[in-house]
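Remarks on the structure that follows.
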Amino acid sequence: MGKTLAEKIWADHVVREVAGEPDLIYIDLHLLHEVTSPQAFDGLRLANRQVRRTDLTIATEDHNTPTLNIDQPIADPVSRLQIETLRKNAAEFGVRIHSLGDANQGIVHVVGPQLGITQPGMTIVCGDSHTSTHGAFGALAFGIGTSEVEHVLATQTLPLVRPKTMAINIEGSLPQGVTAKDIILAIIAKIGTGGGQGYVLEYRGSAIRELSMEGRMTICNMSIEAGARAGLIAPDETTFEYVKNKPHAPTGADWDAAVEYWKTLKSDDDAKFDVEISLNAAELSPFITWGTNPGQGAPLSGNVPNPADFTDPEEVGAAERALTYMGLEAGQPFKSIKVDTVFLGSCTNGRIEDLRAAADVLQGKKIAPNVRMLVVPGSAKVRLQAESEGLDRVFLDFGAEWRQAGCSMCLGMNPDQLTVGERSASTSNRNFEGRQGKGGRTHLVSPLVAAATAIRGTLSSPADL
Amino acid sequence: MEKFISHTGTAVPLRRSNVDTDQIIPAVYLKRVTKSGFEDGLFAAWRNDPEFVLNKSEFAHGTILVAGADFGTGSSREHAVWALQNYGFKAVISSRFADIFRGNSQKGGLLTVVLPQEGVEKIWDAIEADPTTEVTVDLEAKNVRVGSSVYPFEIDDYTRWRLMEGLDDIGLTLKNIDDVTAFEKKRPSFKPLTLPAKI
Ligand code: SF4
């Protein structure tokens, strides 16, 4: 019987296999940021251990970094301490770091691909659940806890139990105005926030093959929101083209050898997945969330659901609580919902294509009264690229704020937060209670919906303009 | 991680059940950047009460915590284990532990001993009657000894072996580090390196 892509990558990384024990898996790349690494470094220090492979390790600052006045000391002492600690640890252990102010600083999942250190067939880990993003390259990539971060630092391996595999087949072409974000929000609404638990999701089909690398990253990024630790897309010419000529891409004979290997990285025709589900791309439309978990989503053209219409009593209760928290009425058209803040950014939608797509909609328009819009590039390099294309002017002329790179309002660990009762349309990935600031209300949307919403002041798609 | 074969010390009676990890260490204490120093957050809310058992001088130096049923429920924070260890505890005795807490404690070498509730009650009585009573938690013999009383306990062989060898997961992997080195020799040269940096 053939193998799935996940099984092939797994098999290529087994260091040790003993019956009754987890497999010991080699890790090709370890990404670090300031929040989940300090205790791991402290553990190394206490045990007198070194980082085994500093040349497979890289750190950046993202979760706590301010997006204004980055030339001044960070005001919040806790954030400052976490960042200073990362810098100190990187210096002490010899780990490469891209600090605030550096052109390669940014959200860890944006920085890896842009440096070309995210490549097909790799195993990639980070103390961050959205590490699944890198699966877009056909790499097995997943988030880990602090003890595991320490384990990887010390040994470059992890003892892991082999996951099950789920194929998600999306055939057909996306209608105009429908994006990768809408695909993944629709998938999560379909399978639920626990639907992917224990699985690696492999996204397949013509709709996936037609996506750009950045669209594929948006999809894999949110695999964790369906409960899966990893998402995968088989690499193809689009992938090779994207990696080629990136700073750390292989060159010369290494490039040829790499591509030859990468071409073998697809699920065999006779491979068997534990579960398969299908979606028709042509039936999709712009999608939004109305509740307080990413599975509570629906097409933007619809109305706020009535909790009584759910069959599962758990879901009824969850929907009731969500509507109360979100301040919504059952039956209210989504397009009538007024928004205070629009956030364009995050590791889901903070890449150059996302900024271009939004700028295209905003060009020549003015922001709705009483709406603020934050545009936060995913990395300093994305910011520079956008400025070289004049996108910053488009955003500023429209009335949006053009900020420095980082996680920003995705999780509100820095000063960019919603206030109690404030409502946002956000291109990020989590709409949990309080995620963007205590009492804040989040609707997850695509960059196109974010832009149209900023123009009209109510949840909207470009087709409504 | 330190080997745990047998430990003798004095014990602290915590006559409460359902002690969740939010009580063991409240969220405001999680901002620290070290794995050490969490002792100040241990039972922080309860320690404001002068009558709380850890505030009594006769129990201030105990190294074995004897708690009510369902110890360690709630949030999965690994900091709860660190806080107990940082404070000086080597073992916790209870009639039932929450799964995640037990898993975390085994990662860090904090021994969790499951005894029937009546055994827990007897130990409470003994240490309250005389706080200087020596208590021995013997992993090799699989029993707890308090004065002349012996309380046997069960623990699975793999976990017992790991704790007695002082092997955390990292220690275990390091035992097979030659396999890792051999694997590294076969890795293709086209795999990317982060150093030297190219930008
Ligand atoms: S942008 Fe948001 S989801 Fe992504 S790494 Fe930062 S905080 Fe996490």
Write down the atom of [X], the atom of [Y], and the distance for their closest heavy-atom approach.
| X | Y | answer |
| --- | --- | --- |
| B:W82 | A:T146 | CH2-CG2, 4.4 Å |
| A:R96 | B:I199 | NH2-CG2, 3.5 Å |
| A:D42 | B:S36 | OD2-OG, 3.4 Å |
| A:H151 | B:D169 | NE2-O, 3.3 Å |
| B:L193 | A:H248 | O-ND1, 2.9 Å |
| A:P250 | B:F190 | CG-O, 4.0 Å |

Please tell me if the side chains of [X] and [Y] come closer than 4.5 Å, counting only heavy atoms from C-beta onward.
| X | Y | answer |
| --- | --- | --- |
| B:E184 | A:Y26 | yes |
| B:V180 | A:L24 | yes |
| A:L29 | B:P192 | no |

Do you know which of [options] has the most heavy-atom pairs with chain B at a distance under 4.5 angstrom?
| options | value |
| --- | --- |
| A:V35, A:L115, A:I58, A:I117 | A:I117 |
| A:R53, A:E34, A:E148 | A:R53 |
| A:R49, A:H13, A:M122, A:Q156 | A:R49 |

Top of B:T173, B:L172, B:D168, B:I177 for chain A proximity - count of heavy-atom pairs under 4.5 angstrom: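 That would be B:T173.
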
Partner chain A: residue of B:K191, B:M1, B:K186 with the largest heavy-atom pair count (under 4.5 Å):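 Heavy-atom pairs under 4.5 Å are most numerous for B:K191.
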
Are more than 12 heavy atoms, taken from residues, nucleotides or ligands other than [X], located less than 6.0 Å from that residue's [atom1] atom?
| X | atom1 | value |
| --- | --- | --- |
| A:Q50 | CD | no |
| B:K142 | NZ | yes |
| A:K246 | NZ | yes |
| B:E2 | CD | no |

Check whether [X] gets within reach of chain B through its side chain, its backbone, both or neither, counting any heavy atom under 4.5 Å.
| X | result |
| --- | --- |
| A:T157 | side chain |
| A:N104 | side chain |
| A:T85 | side chain |
| A:D12 | backbone |
| A:Y261 | side chain |
| A:R52 | side chain |
| A:Q114 | neither |
| A:A257 | both |
| A:L56 | both |
| A:V152 | neither |

Partners meeting side chain to side chain contact (heavy atoms under 4.5 Å, CB included) with B:D178 (sequence neighbours left out):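 If we apply the side chain to side chain contact (heavy atoms under 4.5 Å, CB included) test to B:D178, skipping adjacent residues, there are no hits.
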
B:N176 portion near chain A, given a 4.5 angstrom heavy-atom threshold: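 For B:N176, side-chain heavy atoms alone lie under 4.5 Å from chain A.
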
